[in-house]
Amino acid sequence: NAGVTQTPKFRILKIGQSMTLQCAQDMNHNYMYWYRQDPGMGLKLIYYSVGAGITDKGEVPNGYNVSRSTTEDFPLRLELAAPSQTSVYFCASSPHGANYGYTFGSGTRLTVV
Amino acid sequence: EDQVTQSPEALRLQEGESSSLNCSYTVSGLRGLFWYRQDPGKGPEFLFTLYSAGEEKEKERLKATLTKKESFLHITAPKPEDSATYLCAVQLQGNLIFGKGTKLSVKP
């Protein structure tokens with residue numbers, strides 16, 4: 001039982017490049033989330049999805065895009081990477097929302113230079 | 001405006017020295033307060049959900065309590081393996097708003 005799997009674990013991007021952070025869960029959870037975590041700051045919600053085909057913006061969506069074509073996968077797309085996007089990105093899932101607790105992946109550490 | 005404030009930012013304890021971590025919140029109509037544990041280089045791990053003032057939850061050496069304005073995570077006789085960052089979060093419009101966390105270090 002893998003839970004929430006994020007790839008890659010580490011990545012260095014140059015300013016202006018694009019990339020996709022992958023997130024997959026095998027628990028048949030409807031809800032999925034993308035957070036970023038900066039040093040000394042709390043986790044900030046980027047985007048979330050309540051089911052396949054449905055996505056919505058969180059607190060800090062600018063510079064990112066998501067899609068949810070299947071229940072299992074929730075990729076996060078960075079277009080035109082900027083140094084401000086240097087962060088650790090966490091994907092999480094939940095069966096029915098926040099009240100049931102989130103299962104987090106192990107994160108992707110992204111550096112934009 | 002911070003809606004979730006955790007204190008202290010860091011706490012160093014000797015093994016066996018009990019203490020408490022604080023999480024205060026300003027959201028109205030609390031729909032749930034959550035505690036997570038995060039080890040270095042890993043994602044947060046869910047610990048507890050509290051819904052109403054007076055509620056308590058326990059897991060091993062950890063006990064979480066809730067009042068109308070704050071929550072406490074009590075750690076009784078901690079061990080080095082309890083060292084981690086403890087995150088508090090509140091539910092707002094269906095999503096979680098996280099505090100910055102308290103980094104706990106327990107020395108043998």
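Note on naming: letters A, B, ... go to the chains in the order of the sequence lines (proteins, then strands), and numbering restarts at 1 for each one. Note that the structure is a prediction, hence the values are computed from the model and not measured.
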Would you check if [X] and [Y] make a side-chain contact, meaning some heavy-atom pair closer than 4.5 Å?
X: A/Tyr31; Y: A/Tyr48; value: no
X: A/Lys57; Y: A/Tyr47; value: yes
X: B/Lys59; Y: B/Leu47; value: yes

| message | Using a 4.5 angstrom heavy-atom cutoff, name the option from B/Gln38, B/Gln6, B/Lys103 with the most pairs to chain A. | response | B/Gln38
| task | Using atom types as modelled and distance alone, determine if a side-chain donor or acceptor of A/Trp34 lies under 3.5 Å from a backbone N or O of A/Gly58. | result |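 No; judged by distance alone, with no hydrogens or angles, the pair does not exist.
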If every non-hydrogen atom of [X] is compared with every non-hydrogen atom of [Y], which pair is closest and at what distance?
X: B/Trp35; Y: B/Ser71; answer: NE1-OG, 2.9 Å
X: A/Tyr102; Y: A/Ser94; answer: CD2-CB, 3.8 Å
X: A/Pro8; Y: A/Thr108; answer: O-OG1, 2.5 Å
X: A/Pro95; Y: A/Tyr100; answer: CG-CB, 3.9 Å

| request: Identify which part of A/Leu45 has an atom lying under 4.5 Å from any heavy atom of chain B, answering side chain, backbone, both or neither. | output: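 For A/Leu45, the side chain is the part near chain B, not the backbone.
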For [X], is it the side chain, the backbone, both or neither that has a heavy atom under 4.5 Å from a heavy atom of chain A?
X: B/Leu87; value: side chain
X: B/Glu45; value: neither
X: B/Phe48; value: neither

| said: Please output the residues of residues 8-23 of chain B in contact with chain A, using a heavy-atom cutoff of under 4.5 Å, in numerical order. | reply: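 Within residues 8-23 of chain B, no residue comes under 4.5 Å from chain A.
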| field | Straight-line distance of A/Gln6 CD to A/Phe104 CZ, nearest 0.5 Å | value |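 Rounded to the nearest 0.5 Å, the CD-CZ separation comes out at 9.5 Å.
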| message | Return the NE2 to OG1 distance between B/His74 and B/Thr65, rounded to the nearest 0.5 Å. | response |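 Interatomic distance, B/His74 NE2 to B/Thr65 OG1, rounded to 0.5 Å: 3.5 Å.
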| said: Quick check on the structure: residues of residues 12-25 of chain A within a heavy-atom distance below 4.5 Å of chain B, by number. | reply: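 No residue falls under the 4.5 Å cut-off.
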| message | Please identify which of these residues, A/Thr70, A/Thr71, A/Val66, meets the side-chain contact (heavy atoms from CB on, under 4.5 Å) condition with A/Arg68. | response |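 That would be A/Thr71; it is the only one of A/Thr70, A/Thr71, A/Val66 passing the side-chain contact (heavy atoms from CB on, under 4.5 Å) with A/Arg68.
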| Which of parallel (below 30°), tilted (30 to 60°) and perpendicular (above 60°) describes B/Phe98 and A/Tyr35? |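 Perpendicular.
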